[in-house]
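Both counts, for ligands and for their atoms, begin at 1 and track the order of listing. Note that the numbering runs from 1 along the sequence shown for the chain. Bear in mind that the values here come from a model prediction, so they are computed numbers and not experimental data. When reading the values below, keep in mind they use all heavy atoms of this one structure, side chains included, and skip hydrogens, waters and symmetry mates.
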Amino acid sequence: MSEGAAKKEDRRKFQAIKGTRDLLPPETALWNRVEQTAHAVFATFGFGEIRVPIFEPTELFARAVGGDTDIVSKEMYTFEDRDETTVSLRPEATASVCRAYIEHGMQALPQPVKLYYIGPMFRRERPQKGRYRQFYQIGAEVLGGSDAPAIDAEVIEMVMTFFDRLELQGAQLDLNSIGCRECRPKYVELLRAELLKVKDKLGPDSQRRIETNPLRVLDSKLDSEQGTIATLPRIADHLCEDCAKHYAEVKHQLQLRGVMYRENWRLVRGLDYYMRTTFEITAEGLGSQNAVCGGGRYDGLVELLSGPPTKGIGFAIGEDRLILSLQESGKAPAPQGRDVYIAWMGERAHATAVRAAKDLRKAGFSVELPPVEQKFGKAIGQADKLGARFALILGDNEVASGEWTLKTLADGSQQRVTEPQLLDFLRKL
Ligand code: ATP
Ligand code: MG
């Protein structure tokens, strides 16, 4: 490398990698509110938080999510670790939660075990609005115990309660049953046979899926295919007796809980492990990436990962999309300015200001304490820019008399207060 090239290299500006982004204040305040609400609501349903690693052996995802799915075949960030194991950044967390359930012998705990997680996932997709390569999910899993339909309904009720608490607009729950090991393969074969009959009316993607994953054809959003898809056999008419009963009871249990749903026979999930109950929730203001939550039952998954036969159901919420929707509908909290800006002048006032800042912060107020002396006029201007509600003015007079000046920035009014009076006043706001 020539010297010139080396210098140019040094000055290179760095940017976040395509599909990743920085979350900045004040938006992060909304992220925190969403996550705090998740902690609070999920706790009322008896869920405990689990934190699983960001990377796992690639084989875990290949086996759990399915080697033929887009996620595993194209979208994972996979690399060789030093000890020659192949690892991947997690594209989702259900596989890890099931692995942890087995690894920690959680089947010995009172069943079912109810866990939730919050954190980043990684998929190498084409970035667009609501679709990123690093995105965040809030999810929950119920593992072990029975597959009673009331569990499915309660899990769905929990998500809807969470969305309700956040005042998410236009949350629409779509529901389906995709059968079990008994009835689904028969339906898939029937679907494949019917799809072959109409193959030339379908586009290349759907044509390919007739072989690889016929259920995914139902997912198609292509206008030209909609007429044809409407004529295909529906899984609800081909469920085995147990699955049909289970599905009917899930719907009944949702009604009991006052959870509104829409049956959608074309709702299938992109991951292999789902069976029976599947659901998706969409929300407003998101364009075509409007799914904010996907979930369903996955009774065979723990066993597939070499654990004991275990019932399972869960969901994953796309936190980025949830936040986007809240912002679009004006549900984002207004940015919070400082409560108090301390405008001080002089050595003695500085010492008082430092102590006042400590006391106010201890009482929970947000305080800005300028590090160097400023003229009062400049300090007030600065307080305004930071969106402070009050300026506490501390000069020689104030320190000598113990009566401080508090300026309300909205109307410019001033009052004299002692420190206890100040705390009292602020607490009563
Ligand atoms: P989609 O059909 O929108 O691609 P998906 O079926 O791949 O969703 P799941 O794997 O079920 O989604 O994940 C659950 C939720 O996670 C989705 O409903 C969505 O809100 C969110 N999600 C999935 N992929 C992304 C992504 N790349 N960027 C942002 N959010 C995502
Ligand atoms: Mg996807």
* Do the side-chain N and O atoms of Tyr77 and Glu75 include a donor-acceptor pair separated by under 3.5 angstrom? -> no
* Numbered atoms and elements of ligand 1 in range of Ala316, under 4.0 angstrom, heavy atoms -> 14 (C), 15 (C)
* What class does the angle between the rings of Tyr136 and Trp31 fall in, given that below 30° is parallel, 30 to 60° is tilted and above 60° is perpendicular? -> perpendicular
* **Ala291, any N or O under 3.5 Å of ligand 1 N or O** => yes
* Asked: What residues form a side-chain hydrogen bond (donor to acceptor under 3.5 Å, both in side chains) with Lys251, not counting sequence neighbours?
  -> Glu263
* Asked: With respect to atom 13 (O) of ligand 1, which of Met121, Arg126, Gln137 exhibits the smallest heavy-atom separation?
  -> Gln137
* Asked: Just by distance, do the side chain of Tyr273 and the backbone of Ala95 share a donor-acceptor pair under 3.5 Å?
  -> no
* Structure fact -> side chain to side chain donor-acceptor pair (under 3.5 Å) test vs Asp320 passes for just one of Lys129, Gln289, Arg21, namely Arg21
* Asked: Going by distance only, is there an N or O of Asp320 that falls short of 3.5 Å from an N or O of ligand 1?
  -> no
* Asked: Is a donor on one side and an acceptor on the other found under 3.5 Å between the side chain of Glu225 and the backbone of Gly203?
  -> yes
* Asked: Does Arg123 come within less than 4.0 angstrom of ligand 1, counting non-hydrogen atoms of the residue?
  -> yes
* Report the part of Arg133 (side chain from C-beta onward, or backbone N, CA, C, O) that has a heavy atom under 4.0 Å from ligand 1; answer both or neither where that applies. => neither
* For atom 25 (C) of ligand 1, which of Tyr132, Tyr136, Phe122, Phe135 has the closest heavy atom? -> Phe135
* **For Gln374, all residues meeting side chain to side chain contact (heavy atoms under 4.5 Å, CB included), sequence neighbours excluded** => Tyr341, Pro370, Ala379, Gln382
* Numbered atoms of ligand 1 (with element) below 4.0 Å of Val292, judged on heavy atoms -> 18 (O), 20 (O)
* Residue portion contacting ligand 1 (non-hydrogen atoms closer than 4.0 Å) for Arg131 -> both
* Asked: For ligand 1, which atoms, with element, lie under 4.0 Å from some heavy atom of Glu125?
  -> 24 (N), 25 (C), 26 (C), 27 (N)
